[in-house]
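One structure is given here, and the rest of the page talks about it.
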Amino acid sequence: MKLGSLLVDGVRRYGVVDGDRIALLTETADVFEVLTTGKPAAAGQRLPWDETAPIAVPVPIASIRDFITFEQHTAGSLRAITGSSEVPDAWYEAPAFYFTNPHAAIGSGTPVPMPPGCEVLDFELEVAVVIGTAGFNLSVAEAMDHIAGFTILNDWSARDLQSREMRVGLGPAKGKDTATTLGPVLVTPDELAGYESDGRYDLAMEVFVNDTRIGGDTLANMAWTFAELIAYASRGTWVRPGDVLGSGTCGSGCLAELWGWHGERQPPPLRIGDTVRMTVQGIGTIHNTVVAGPPLHDVPPARRSR
């Protein structure tokens, strides 16, 4: 099953996508119950579905955890920051993640405003898993039963803001706060069974800027499986329906990694008017265009106490 959503008369409606049509669910349908039971609560209304047009985030979002699980991306990004591509031992010990802003989740085709004060905007090509049923302190073996499906994730990143804020030992926060694209649909695990082996999915991933291919990878190169990410995220706590867990950026899936390997900012940071397009085999394509953002309102520096 593939689930998507549209704004219909100003109301967000969910539905089952089949080719160029979407069969809307009833307005009161529990999206995650539909996904986990496989029994759509159809409203009987079918509308055109066009992934080249603006569409909404495919499912309700509760939280977003974003991991870093691709070794090549990690090495290249570290080289851009430190000059060394040596991945620390701690990276291999456990799958690290940070929380980002669920209120900034947007759909494919939605314009992305330049973050206030940002001059070095980047994208990150990822796949995300979405939780369908709640679970606490799950084992790896239990985790797969809690998956609703998979979607593409673009983790928009203001690299200059991110670099400054992380110097104090926290973050990323404002550097990732403007937008996270999810879409175009949520694909249930059965749809991707032919690509799966030992918990890994061999899905081709590609990213383009203004129709120029920037990079790509296979999702199978994740250092951990999605079940392992879910088990770690749920350690001592709950994961609940609508929780999003990003795979982290794939190899050559962002500009910052390429800057690390090239030793210069080539390709250049994103500018107003640039369109970023991402395609993942078995899931689809998302696209967003960068537009002018809101003004930067100054916040004074801290008052020193010593």
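Nothing fancy with the numbering, it's 1 onward along the sequence.
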**OP:** Would you mind checking if Glu206 and Arg213 are paired as a salt bridge, meaning a charged N to carboxylate O distance below 4.0 Å?
**Re:** yes
Subject >> Sidechain N-carboxylate O distance under 4.0 Å for Glu124, Arg159 >> reply: yes
Original post:
Restricting to pairs with a member in residues 165-214, which pass ring pair (Phe, Tyr, Trp, His ring centres under 6.0 Å), not counting sequence neighbours?
Top reply: Phe150-Tyr201
Subject >> Exam field: side chain Asp20 to backbone Trp49, donor-acceptor pair closer than 3.5 Å >> reply: no
Original post:
For the side chain of Ser234 and the backbone of Ala231, is there at least one donor-acceptor N/O pair under 3.5 Å apart?
Top reply: yes
Original post:
With side chains defined as the heavy atoms from C-beta onward, is the minimum distance between Pro58 and Leu3 less than 4.5 Å?
Top reply: no
**OP:** Examine Met166 and Ile81 and state if one hydrophobic cluster contains both, with Ile, Leu, Val, Met, Phe, Trp and Tyr joined whenever side-chain heavy atoms are less than 4.5 Å apart.
**Re:** no
**OP:** With rounding to the nearest 0.5 Å, note down the distance linking CE in Met222 to CZ in Arg200.
**Re:** 7.5 Å
Original post:
Do you reckon Tyr98 sits in the same ILVMFWY cluster as Val130, going by side-chain contacts under 4.5 Å, direct or chained?
Top reply: no
**OP:** Under the side-chain contact (heavy atoms from CB on, under 4.5 Å) rule, what do Thr225 and Met144 come out as? Steps first, then yes or no, please.
**Re:** CA-CA 10 Å; Thr225 66; Met144 285 298 292; over 6 Å; no
**OP:** Compare all side-chain heavy atoms of Thr180 with those of Leu153 and state whether any distance is below 4.5 angstrom.
**Re:** yes
Original post:
Tell me, do Arg13 and Leu6 make a side-chain contact under 4.5 Å, heavy atoms counted?
Top reply: no
**OP:** Would you indicate whether the side-chain heavy atoms of Phe226 and Leu219 approach each other to under 4.5 Å?
**Re:** yes
**OP:** Identify the heavy atoms of Val187 and Ile283 that sit nearest to each other, and give their distance.
**Re:** CG2-CA, 4.0 Å
**OP:** List for me each residue that meets side-chain hydrogen bond (donor to acceptor under 3.5 Å, both in side chains) alongside Lys174, sequence neighbours excluded, and say none if there are none.
**Re:** Asp177
Original post:
Taking all atoms of both residues into account, what is the closest heavy-atom pair of Leu255 and Asp122, and its distance?
Top reply: N-OD1, 2.9 Å
Subject >> Pairwise distance CG(Leu121) to CD1(Ile272) - rounded to 0.5 angstrom >> reply: 10.0 Å
Original post:
Do Phe99 and Val129 sit in the same hydrophobic cluster, where Ile, Leu, Val, Met, Phe, Trp and Tyr count as joined when their side-chain heavy atoms come under 4.5 Å apart?
Top reply: yes
Original post:
Are any non-hydrogen side-chain atoms of Ile68 and Thr249 less than 4.5 angstrom apart?
Top reply: no
**OP:** Just do the side-chain contact (heavy atoms from CB on, under 4.5 Å) check on Arg235 and Asn137 with the steps written out, would you?
**Re:** CA-CA 4 Å; Arg235 184 179 291 176; Asn137 204 46; 4.0 Å; yes
Subject >> Trp91: which of Trp224, Phe67, Phe70 passes ring pair (Phe, Tyr, Trp, His ring centres under 6.0 Å) >> reply: Trp224
Original post:
Heavy-atom distance under 4.5 Å between the side chains of Glu86 and Leu78, does that happen here?
Top reply: no
**OP:** Might you confirm whether atom CD of Glu196 has over 12 heavy atoms from other residues, nucleotides or ligands at distances under 6.0 Å?
**Re:** yes
Original post:
Taking Arg46 for the side chain and Arg21 for the main chain, is one N or O donor matched with an acceptor at less than 3.5 Å?
Top reply: no
Subject >> Contact summary for Ser252 and Val207, nearest pair of heavy atoms >> reply: O-CG1, 4.3 Å
Original post:
Atom CG in Asp202, atom CG in Asn221: separation rounded to 0.5 Å?
Top reply: 8.5 Å
Subject >> Among Asn288, Asp211, Thr285, Asn210, side chain to side chain donor-acceptor pair (under 3.5 Å) partner for Arg277 >> reply: Asp211
Original post:
Which atom names give the shortest non-hydrogen contact between Pro184 and Ile152, and what distance separates them?
Top reply: CD-CD1, 4.0 Å
Subject >> Side-chain donor/acceptor of Gln281 to backbone N/O of Ala204, under 3.5 Å >> reply: yes
**OP:** Apply the side-chain contact (heavy atoms from CB on, under 4.5 Å) test between Trp156 and each candidate in Val290, Thr178, Thr100; give the one that qualifies.
**Re:** Val290
Original post:
Should Tyr92 and Phe97 be counted in the same cluster of Ile, Leu, Val, Met, Phe, Trp and Tyr side chains packed under 4.5 Å apart?
Top reply: yes
Original post:
Hey, does the side chain of Arg240 reach the backbone of Ser63 with a donor-acceptor pair shorter than 3.5 angstrom?
Top reply: no
**OP:** Please step through side-chain contact (heavy atoms from CB on, under 4.5 Å) for the pair Lys176 and Gln162, ending with a clear verdict.
**Re:** CA-CA 7 Å; Lys176 304 279 191 170; Gln162 177 185 353; 3.8 Å; yes
Original post:
Looking at CG of Leu270 and CE of Met114, how far apart are the two atoms once the value is rounded to the nearest 0.5 Å?
Top reply: 7.0 Å
Subject >> Student check: side-chain heavy atoms of Pro172 and Glu165 closer than 4.5 Å >> reply: yes
**OP:** Keeping the roles fixed (side chain from Ser247, backbone from Val127), state whether a donor-acceptor pair exists under 3.5 Å.
**Re:** yes
**OP:** Output, in order, the C-alpha distance, side-chain angles, deciding distance and verdict of side-chain contact (heavy atoms from CB on, under 4.5 Å) for Ile214 and Phe123.
**Re:** CA-CA 11 Å; Ile214 302 299; Phe123 53 82; 3.9 Å; yes
Original post:
When hydrophobic residues are tied together by side-chain contacts of less than 4.5 Å, even through go-betweens, does Leu47 share a cluster with Ile55?
Top reply: yes
Subject >> Check: Glu119 main-chain N/O paired with Arg271 side-chain donor or acceptor under 3.5 Å >> reply: yes
**OP:** Calculate, to the nearest 0.5 Å, the distance between atoms CD1 and CD1 belonging to Ile131 and Ile230 respectively.
**Re:** 4.0 Å
Subject >> Gap separating the CD1 atom of Ile61 from the CG atom of Asn101, nearest 0.5 angstrom >> reply: 12.0 Å
**OP:** Would you check if the side chain of Ser108 reaches a backbone N or O of His287 as a donor-acceptor pair within less than 3.5 Å?
**Re:** yes
Subject >> Minimum side-chain heavy-atom gap Tyr14-Pro60 below 4.5 Å >> reply: yes
Original post:
Between Pro267 and Leu258, what is the shortest heavy-atom contact and its length?
Top reply: CD-CD1, 4.1 Å
**OP:** Determine the minimum heavy-atom distance between Ala158 and Pro115, stating which atoms define it.
**Re:** CB-CG, 4.1 Å
**OP:** For Ser77, check side-chain contact (heavy atoms from CB on, under 4.5 Å) against everything at least two apart and list the hits.
**Re:** His73, Glu257
Original post:
Which of these, Val34, Val31, Thr151, Val185, sits in a side-chain contact (heavy atoms from CB on, under 4.5 Å) with Val59?
Top reply: Val31
Subject >> Residue Asp190 excluded, over 12 heavy atoms near CG under 6.0 Å >> reply: yes
